[in-house]
Amino acid sequence: MLRLITDFDGPIMDVSDRYYRVYQQCLAETQRQGQPVCQLPKAKFWDMKRARVPETEIGILSGLDAAQAVEFAQKRRQTVHTLPYLIYDAPAPGAVETLEQVQRAGIDLAVMTMRRVRELDEAFTRCHLGGFFPENRRYCLPNDYVKTGDVKDKPLLMAKALAELPPASDLWMVGDTEADIIAAKNHGVKVIGVLCGIRDRTQLEIHQPDLIANNLSEAVEIILSRQN
């Protein structure tokens with residue numbers, strides 16, 4: 001049996017609008033009355049996020065002083081994964097069609113995400129994605145889970161999945177961050193990094209995934225080509 005474990009945000013969901021709206025909101029909340037700021041265009045902001053430019057540096061480039069930049073970074077971290085902003089996420093171009101292709105090909109499909117249950121359920125319901133992932137193929141965080149960091153928490157999810165899922169003759173992970181790559185490599189799972197999420201090629205290459213693809217569709221094509 002061929003199994004694909006995919007991250008959710010990045011390979012399936014485009015989160016760039018959410019991140020940019022949170023950036024705009026936190027910049028506005030941190031700005032002093034009458035203080036001129038320079039709101040970055042979305043494309044420039046997203047390029048900086050994908051290159052892992054520090055939040056404080058983004059704040060300073062947007063016109064905040066050093067103290068404000070620290071406040072801005074804290075606000076952003078507290079806000080970006082909250083339910084009111086998750087509504088700005090949308091399926092990435094071609095993602096739904098690729099999930100349908102995976103189903104038709106008979107691939108065993110699981111999702112592994114740092115979202116909490118309520119956050120994953122929101123997207124599944126709003127975007128009609130739940131049908132691709134039965135309850136026993138959903139690996140996410142409990143609603144009351146206290147995160148310690150993605151690169152620590154995601155390998156724990158991978159360990160849980162490997163312990164619970166039936167054996168697979170071939171197993172792949174697809175994700176867009178270092179946490180996905182580390183979780184897979186720690187457990188001997190082949191991993192493809194995709195460029196449609198929150199890390200650019202330079203950042204992915206640091207962690208040496210087995211392959212890098214542009215998006216989920218291309219990753220699936222690679223996996224299927226290696227079955228022949």
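Only this structure's heavy atoms are used, side chains among them; waters, hydrogens and symmetry mates stay out.
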For this session: Kindly check if the number of other-residue, nucleotide or ligand heavy atoms within 6.0 Å of NZ (Lys147) is above 12?
Result: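 Enclosed: over 12 neighbouring heavy atoms sit under 6.0 Å from NZ of Lys147.
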Exercise. Just wondering, are more than 12 heavy atoms of other shown residues or ligands nearer than 6.0 Å to CD in Gln208?
Worked result: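 No.
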Does the [X] side chain pair with the main chain of [Y], one donor and one acceptor, at a distance under 3.5 Å?
X: Arg126; Y: Asp89; answer: yes
X: Thr113; Y: Asp7; answer: no
X: Gln68; Y: Thr30; answer: yes
X: Gln227; Y: Ile223; answer: yes

I want to check something: taking the side chain as every heavy atom from C-beta on, are [X] and [Y] in contact at a cut-off of under 4.5 Å?
X: Thr177; Y: Asp150; answer: no
X: Arg104; Y: Gln101; answer: yes
X: Val189; Y: Leu162; answer: yes
X: Ser62; Y: Tyr23; answer: yes
X: Val191; Y: Pro209; answer: yes
X: Asn186; Y: Met158; answer: no
X: Leu120; Y: Tyr139; answer: no
X: Ser16; Y: Lys42; answer: yes

Any chance you could measure [X], atom [atom1], to [Y], atom [atom2], to the nearest 0.5 Å?
X: Leu86; Y: Asp9; atom1: CG; atom2: CG; result: 8.0 Å
X: Arg118; Y: Asp144; atom1: CZ; atom2: CG; result: 9.0 Å
X: Asp153; Y: Cys140; atom1: CG; atom2: SG; result: 12.5 Å
X: Asp47; Y: Leu40; atom1: CG; atom2: CG; result: 10.5 Å
X: Asp200; Y: Met48; atom1: CG; atom2: CE; result: 12.0 Å
X: Tyr20; Y: Tyr88; atom1: OH; atom2: OH; result: 13.5 Å

Single-linkage hydrophobic cluster, 4.5 Å side-chain cutoff, [X] and [Y] together:
X: Leu165; Y: Val111; answer: no
X: Leu141; Y: Tyr85; answer: no
X: Ile12; Y: Leu109; answer: yes
X: Leu64; Y: Val53; answer: yes
X: Leu27; Y: Val70; answer: no

Problem set entry | Result of checking Arg199, Lys154, His207 against Asp180 for side chain to side chain donor-acceptor pair (under 3.5 Å) |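 Single side chain to side chain donor-acceptor pair (under 3.5 Å) partner of Asp180 among Arg199, Lys154, His207: Lys154.
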Is it true that [X] and [Y] make a salt bridge, defined as a side-chain N closer than 4.0 Å to a carboxylate O?
X: Arg137; Y: Glu164; result: no
X: Asp170; Y: Lys190; result: yes
X: Arg115; Y: Asp121; result: no
X: Asp176; Y: Arg50; result: no

Exercise. Hey, mind stepping through Glu29 and Gln25 against side-chain hydrogen bond (donor to acceptor under 3.5 Å, both in side chains) and telling me if it holds?
Worked result: CA-CA 6 Å; Glu29 290 179 2; Gln25 181 64 32; 2.8 Å; yes
Exercise. For residues Gln31 and Gln39, is any side-chain donor paired with an opposing acceptor at under 3.5 Å?
Worked result: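 There is no such pair (donor and acceptor under 3.5 Å, judged by atom type) between the side chains of Gln31 and Gln39.
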Exercise. Any side-chain donor paired with an acceptor under 3.5 Å for His81 and Arg18?
Worked result: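 On atom types as modelled, these side chains qualify, holding a pair under 3.5 Å.
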Exercise. Under the criterion salt bridge (Lys or Arg N to Asp or Glu O under 4.0 Å), which of Arg77, Lys75, Arg76 is the partner of Glu55?
Worked result: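 So the option named by the test is Arg76.
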Looking at [X] and [Y], what are the two nearest heavy atoms and their distance?
X: Met173; Y: Ala184; answer: CB-CB, 3.9 Å
X: Pro11; Y: Cys196; answer: CA-SG, 4.0 Å
X: Ala123; Y: Met13; answer: CB-CE, 4.2 Å
X: Leu204; Y: Leu195; answer: CD1-CD2, 3.7 Å
X: Ala219; Y: Ala213; answer: N-CB, 3.8 Å
X: Ile60; Y: Ala69; answer: CG1-CB, 3.7 Å

Problem set entry | Partner set under ring pair (Phe, Tyr, Trp, His ring centres under 6.0 Å) for Phe124, not counting sequence neighbours |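 Here the qualifying residues are Phe8, Phe133.
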For this session: Have a look at Leu216 and tell me which of Ile192, Thr98, Val194 forms a side-chain contact (heavy atoms from CB on, under 4.5 Å) with it.
Result: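 For Leu216, the side-chain contact (heavy atoms from CB on, under 4.5 Å) check succeeds only for Thr98.
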Problem set entry | Where at least one partner belongs to residues 140-196, residue pairs that pass ring-ring contact (aromatic ring centres under 6.0 Å, His included), sequence neighbours excluded |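 Pairs touching residues 140-196 that pass the test: none.
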